[in-house]
Protein chains: 2
Amino acid sequence: MSDRTGGQSGDLEATDRAILRELAQDGRCSFTDLGERVGLSVSAVHQRVRRLEQRGALRGYTAHIDGEQIGLPLTAFISLTPTDPAAPDDYPQRLQHLPEIESCYSVAGDESYILQVRVASPLGLEELLRQIREAAKVSTRTTVVLSTPFENRPPEI
Amino acid sequence: MSDRTGGQSGDLEATDRAILRELAQDGRCSFTDLGERVGLSVSAVHQRVRRLEQRGALRGYTAHIDGEQIGLPLTAFISLTPTDPAAPDDYPQRLQHLPEIESCYSVAGDESYILQVRVASPLGLEELLRQIREAAKVSTRTTVVLSTPFENRPPEI
DNA sequence: ACTGAAAAACCTCCGAC
DNA sequence: GTCGGAGGTTTTTCAGT
């Protein structure tokens, strides 16, 4: 044990957290810039990033795309409640083939899962709900997103 | 007008969609690779990516970080209901200073907003709820995430 | 674990088509 | 809109500390 002073770290020290913070903000940041920002040589940063990737602390890099411009302007949250309480809980596997579902969360509370979905239109949403109910034998509750004041802000590391 | 055959495009043709698809999957993909994957020269891809960024179709690049390893293992959804229906709707501005809030969605339905948050512990969640109610004068309904079967999958472009 | 240097790969700009 | 090439920059590796 080293700097585990009761803080918030899950095993990472300051420099690694700084690297994650920068990459969470700018996923295409060069190693050269990264090195300057965290006060380390290019090779040292490179080595640390590779280690963070192998540890699973860095889970991947993605570009964020405007839903409107790709013809998927409608976002919604869909809450799932099993209709047969005795059925085995393999809902994620039953649903993962539907590309409209971006995220799937298992949750505590009245409902069992929350899905975040993106579709082209209300009709597309209706069709997706039909597919979800058919694939997973669940009842659904849908909340349509009207606008997104902010999204995917980097966590405070 | 060109290929607007009633498809799903919001003004983008095949090559641009292919570029977005690749970058959504691998945000650090090099222009060289990108060019090979979509069948274009490096310079052509470079030019198209710049144009997609300027258009706002590409909104940014981020690394995805494992919440557990940075000491924020607890994710939750918080639904907001205004306590004073006559108050002006400036909730996002009132809440954006709280870094625990990753996303804020304005929604149709019983509640007005859905927040996605990340905190260190149940105590951290309790404190965040207190701050949200204080900053925005809302009542809250919280759904705790138990596990995340999948998240942020690239949309089907 | 970090540094510095060298080779390979990459990015960016430019003129031409 | 696309291409190929030139020059500067970045990535990646490696020996040394």
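Note on naming: letters A, B, ... go to the chains in the order of the sequence lines (proteins, then strands), and numbering restarts at 1 for each one. We use all heavy atoms of the structure for the numbers below, so side chains are in, but hydrogens, waters and symmetry mates are not.
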task: Using whole Å, report how far CG of B:Leu34 lies from P of C:dA9.
output: 19 Å

- request: Tell me, with the steps shown, if B:Gln96 and B:Tyr91 meet side chain to side chain donor-acceptor pair (under 3.5 Å).
  value: CA-CA 9 Å; B:Gln96 67 185 350; B:Tyr91 299 99; over 6 Å; no

A:Arg28 charged N/C atom sitting above B:Phe31 aromatic ring, 6.0 Å / 45°: yes

- prompt: Which word best sums up how the rings of B:Phe77 and A:Phe77 line up, parallel for under 30°, tilted for 30 to 60°, or perpendicular for over 60°?
  reply: perpendicular

- request: Ignoring hydrogens and angles, tell me if any N or O in the side chain of A:Arg133 forms a donor-acceptor pair with the backbone of A:Thr140 under 3.5 Å.
  value: no

- prompt: How many Å lie between CD on B:Glu36 and P on D:dT2, as a whole number?
  reply: 17 Å

message: Please determine whether a side-chain nitrogen of the Lys or Arg among B:Glu53 and B:Arg50 lies less than 4.0 Å from a carboxylate oxygen of the Asp or Glu.
response: no

Selection from D:dT2, C:dT3, C:dA1 that lies nearest to any side-chain heavy atom of B:Leu40: D:dT2

query: Do A:Tyr61 and B:Gln25 meet the criterion of a side-chain donor-acceptor pair at a distance under 3.5 Å?
result: no

- request: From the options C:dC2, C:dT3, D:dT2, select the nucleotide whose nearest atom is closest to the side chain of A:Ser41.
  value: C:dT3

- prompt: When the distance from CZ of A:Arg51 to C1' of D:dT13 is rounded to whole Å, what number comes out?
  reply: 15 Å

Under 4.0 Å protein heavy-atom contacts per nucleotide of nucleotides 11-17 of chain C, with B for base, S for backbone only and - for none: SBB----

